[in-house]
Amino acid sequence: MERKNFIRSLMIGAISTPVIIEACKKAGNTESNTTSGSGTANTSAGTNGTCTVAPTETEGPFPTKVPASYVRSDITDGRSGYKMTAKISIGNINNSCAALAGAIVDIWHCDAEGNYSEYGGTGMQSTNYQSVHFLRGRQTTDANGLVTFTSIFPGWYSGRATHIHVHVYSASGTSLSVTQIAFPEGAGSAVALVNGYSKGLNGYTYNNADNVFSDDKTGIEIAKVSGTLAAGFDLTFKLNVRA
Amino acid sequence: MSQKIITLCYRKIIDDSNSSHWDKFVHEDSFLEFKMQSQFYNQDGKYGTFAELLMHVPGADKLHFLVSAAITGYLRQLNGIIPDILDNLGRRFLTFENFKFEIINSDFNDIEKHKVAINFFFETIGVA
């Protein structure tokens, strides 16, 4: 079997290499806009019809470089919930908190039921590759230090107030900050309007009892959130990092 | 007569020695993603390898899942057909919908030590 595969790969290599070279030449000609032809006439006779198996495309389409599936603005991936647009701007503490362009911003949060996307269970349990990383996203800050994500308003789970995780990296991928965004509470707030989706707010942990946010006495970790159930919510947050 | 479903798994291991373009993209991109995401579990920079993180940091096993986002784009390029396994005519033929990506070994500073596995799952019907 090994030997067969090896021989087959040699055949594919021998046949596809001239094709690739030819393809490159054509592209070059188009760009330089020359009219002369390229290559020389192939004098070898065709062997089609002989009793051999024609090698087919074993690699599938030629692979191309693709970014991680996190790189997208809409991270909803079919999860249902009230629409939320999150605008997060990154500032540089080492530059008077001026906008930091080119920073990589990862966010992730739970769905309406309070579940994160992750591998279920243990061992060999498999996952469908089309939507496995729901409610996780990555964007690069623009000249204003801003990234925008479209998502759903997060649900909640036992022991934690509503929150969004944020991890900011430099353009080269070095970690600059790991933090969480808290939500305003009380009458008329988005947390009160959404009312914990189907769970309600019975047993909900508010910011002042949350083990992450309870030491934030001045509300520096609390985002500005506006909007309605019908129109969706807008969240804005400024995060300063040392870059 | 009732039929039973048998789930088969093909495990493809990719390390620095793999030479196809697809394998190399998976190797390089999963390494970069591992370097980024592992910093969440290594905020003091105390550890150097994936094995150390697994041993000392609770939750570091989520890196298998978190890093898999770097390679799902390449899974899409396969159009739901498992690589490497060919039928008698030399064509790829086994379809998959589900996968599991694993980091077998890695070192933040050495891509040559980075080794991953993709498990492709496909279902076939067996007779009871």
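Below, chain A is the first sequence line, B the second, and so on; all start at residue 1.
Chain A forms more heavy-atom pairs under 4.5 Å with one residue of B:Gly73, B:Ala69, B:Gly80, B:Ala70 than with any other, namely B:Ala69.
A donor-acceptor contact under 3.5 angstrom links the side chains of B:Ser106 and B:His114, judged on distance only.
Contact of B:Gln37 with chain A is made through backbone and side chain together, with heavy-atom distances under 4.5 Å. Both the backbone and the side chain of B:Leu66 have a heavy atom closer than 4.5 Å to some heavy atom of chain A. With a 4.5 Å cut-off on non-hydrogen atoms, B:Thr7 does not touch chain A at all. Residue A:Ser172 does not touch chain B at all, counting heavy-atom pairs closer than 4.5 Å. Contact of A:Val71 with chain B is not made at all, since no heavy-atom distance falls under 4.5 Å. Proximity to chain A involves both the backbone and the side chain of B:Phe96, based on heavy atoms less than 4.5 angstrom apart.
Residues A:Phe183 and A:Glu221 form no side-chain contact, since every pair of their non-hydrogen atoms from C-beta on lies 4.5 Å or further apart.
Between the side chain of A:Lys217 and the main chain of A:Ser214, a donor-acceptor pair closer than 3.5 Å is present.
A:Asp77 has a carboxylate O that lies under 4.0 Å from a charged side-chain N of A:Arg72, or vice versa, which qualifies the two as a salt bridge. One finds a salt bridge joining A:Arg160 and A:Asp210 here, because a Lys/Arg side-chain nitrogen approaches an Asp/Glu carboxylate oxygen to under 4.0 Å. Ionic pairing of A:Glu113 and A:Lys199 is not present here: no N-O contact between side-chain nitrogen and carboxylate oxygen is shorter than 4.0 angstrom.
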